[in-house]
Amino acid sequence: MRVLLTGARGQLSTDLAKVLVDEELTALDHSQLDVTSRPQVDLAIRTHHPDIVINTAAFHRVDDCENEIERAFQVNVYGARNLALACSESNAALLHVSTDYVFDGSKRTPYLEGDPARPISVYGISKLAGELVVAATLERHYIVRSSGLYGAAGASGKGGNFVNTMLRLAREGRSIKVVDDQRLTPTYTPDLARKIAWLMKTGSYGVWHVTNSGDCTWYEFAARIFETAGLRPSLSPTTSAEFGAPARRPANSVLAHGMLQRHQADDLPLWTEALDAYLREIGVI
């Protein structure tokens, strides 16, 4: 299968490249393909003739999106639309990576793929709009929502993922406060990449929720990181209101795996097991 991967060098795209070694893969980073440029997108599709495009390109600095609204929409909406249009014209499928932040967090149980999306941040709004333009433009599409990504390549443009940041702060002897009123499922990018590699060959188009299993708050995630790494920093819980981040986050963004269960493929490891695997991968344990 000919695969064109956008957003190369990010933590998810790096792990996708590892699991797609048996495919005819072309991975392009932002310097090689600016998805906001329709001529560049059209040229890339004509040149590489992919059977499927996997779009991991995104402006995902959640707080910065609040002030950089135009950039968020250029990348997350118009970039997605450019890819969908080019795929439609070339008869290619598109797998578009989205986020748990399309939900407002008011639901007390995990969100199913068909639950109404009501984002509460510019980032969430832009990602939902990207989903909608993909779905409206191209019949052969997968939309994969995930949550709290971390991987060995770090978080491109963010200065490291959450696990990296917590380890750095602990080693610097900092007092650390982490919100304890936002519940999610941290997801290890190799696990997500393996499931995407399976999903893209199913032909079961539509919206999919793909995360590790279980859930926790960000504070519980941090506590588990330190416990597993054998670190004992000064860690205390705080609230979203006290933390005062520019962008609002959903209080609950745990994703139910309705489509995976329907296809008897809901076998991703628990988030605690995934964290252990990551800490081993980066040499912490």
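Residue F226 is grouped with residue Y188 when hydrophobic side chains (ILVMFWY) are merged at heavy-atom distances under 4.5 angstrom, including chains of intermediate members.
Ring geometry for Y123 versus Y101: interplanar angle over 60°, hence perpendicular rather than tilted (30 to 60°).
Considering only residues two or more places apart in sequence or on other chains, F162 meets the ring-ring contact (aromatic ring centres under 6.0 Å, His included) condition with W218, F221. Take H263 and apply the ring-ring contact (aromatic ring centres under 6.0 Å, His included) test, not counting sequence neighbours, and it matches W208. Partners of D34 according to the salt bridge (charged side-chain N to carboxylate O under 4.0 Å, His left out) rule, which considers only residues two or more places apart in sequence or in another chain, do not exist here.
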With side chain to side chain donor-acceptor pair (under 3.5 Å) as the criterion, how do H49 and S90 come out once you've worked through the C-alpha distance, each side chain's angles and the decisive distance to 0.1 Å? CA-CA 8 Å; H49 306 290; S90 65; over 6 Å; no

Side chain to side chain contact (heavy atoms under 4.5 Å, CB included), that's the test. Do L20 and I54 meet it? Break it down for me. CA-CA 11 Å; L20 296 174; I54 302 177; 4.0 Å; yes

Steps toward side chain to side chain contact (heavy atoms under 4.5 Å, CB included) verdict (Y142, I196): CA-CA 10 Å; Y142 308 91; I196 286 175; over 6 Å; no

Can you list the steps and then say if N164 with Y278 is a side chain to side chain donor-acceptor pair (under 3.5 Å)? CA-CA 11 Å; N164 299 149; Y278 175 63; 2.8 Å; yes

Please report the C-alpha distance between R248 and D104 in whole Å, then the side-chain angles of each, then the deciding distance to 0.1 Å, and finally whether the salt bridge (charged side-chain N to carboxylate O under 4.0 Å, His left out) criterion is met. CA-CA 9 Å; R248 294 173 63 200; D104 65 6; over 6 Å; no

Decide yes or no on side chain to side chain contact (heavy atoms under 4.5 Å, CB included) for V133 and V77, but give the supporting numbers first. CA-CA 7 Å; V133 297; V77 185; 4.2 Å; yes

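Counting heavy atoms from C-beta on, the side chains of Y111 and D100 never come closer than 4.5 Å. With a 4.5 Å cut-off on side-chain heavy atoms, T185 and L255 do not count as touching. Considering only heavy atoms from C-beta on, M200 comes within 4.5 Å of V3 through its side chain. Looking at R71 and R61, their side chains come closer than 4.5 Å, going by heavy atoms from C-beta outward. Considering only heavy atoms from C-beta on, C65 stays 4.5 Å or farther from S121 through its side chain. By the 4.5 Å heavy-atom criterion applied to side chains, L184 and R249 are not counted as neighbours. Contact annotation: the side chain of E113 never approaches that of R262 to less than 4.5 Å [non-hydrogen atoms, C-beta and beyond]. In this structure the side chain of L260 reaches within 4.5 angstrom of the side chain of K195, judged on heavy atoms.
Rounded to the nearest 0.5 angstrom, M1 CE and D51 CG are separated by 6.0 Å. The CD atom of Q40 lies 6.0 Å from the CG atom of L33; values are rounded to the nearest 0.5 Å. Rounding to the nearest 0.5 Å gives a distance of 3.5 Å between NZ of K107 and CG of D115. Distance check: I225 CD1 to T165 OG1 gives 9.0 Å after rounding to the nearest 0.5 Å. Taking OG1 of T109 as the start and CG of N252 as the end, the distance is 7.5 Å to the nearest 0.5 Å. Once rounded to the nearest 0.5 Å, the distance linking CZ of R194 with NZ of K18 reads 10.0 Å.
Judged purely by distance below 3.5 Å, without hydrogens or angles, the side chains of S98 and E131 pair a donor atom with an acceptor atom. One side chain, D181 or S240, offers a donor N or O that lies under 3.5 Å from an acceptor on the other.
Evaluated for a side-chain contact (heavy atoms from CB on, under 4.5 Å) with T189, the options N161, L12, T56 yield exactly one hit, L12.
The heavy-atom pair separating R9 from A153 by the smallest distance is O-CB, 4.5 Å. The two residues P119 and I125 come nearest to each other via the heavy atoms CB-N, 3.5 Å. Considering every non-hydrogen atom in both R174 and P233, the closest pair reads O-CB, 4.5 Å.
E66 contributes no side-chain N or O that, together with a main-chain N or O of D63, makes up a donor-acceptor pair within less than 3.5 Å. In terms of modelled atom types and a separation under 3.5 Å, the side chain of S146 and the main chain of V210 share a donor-acceptor contact.
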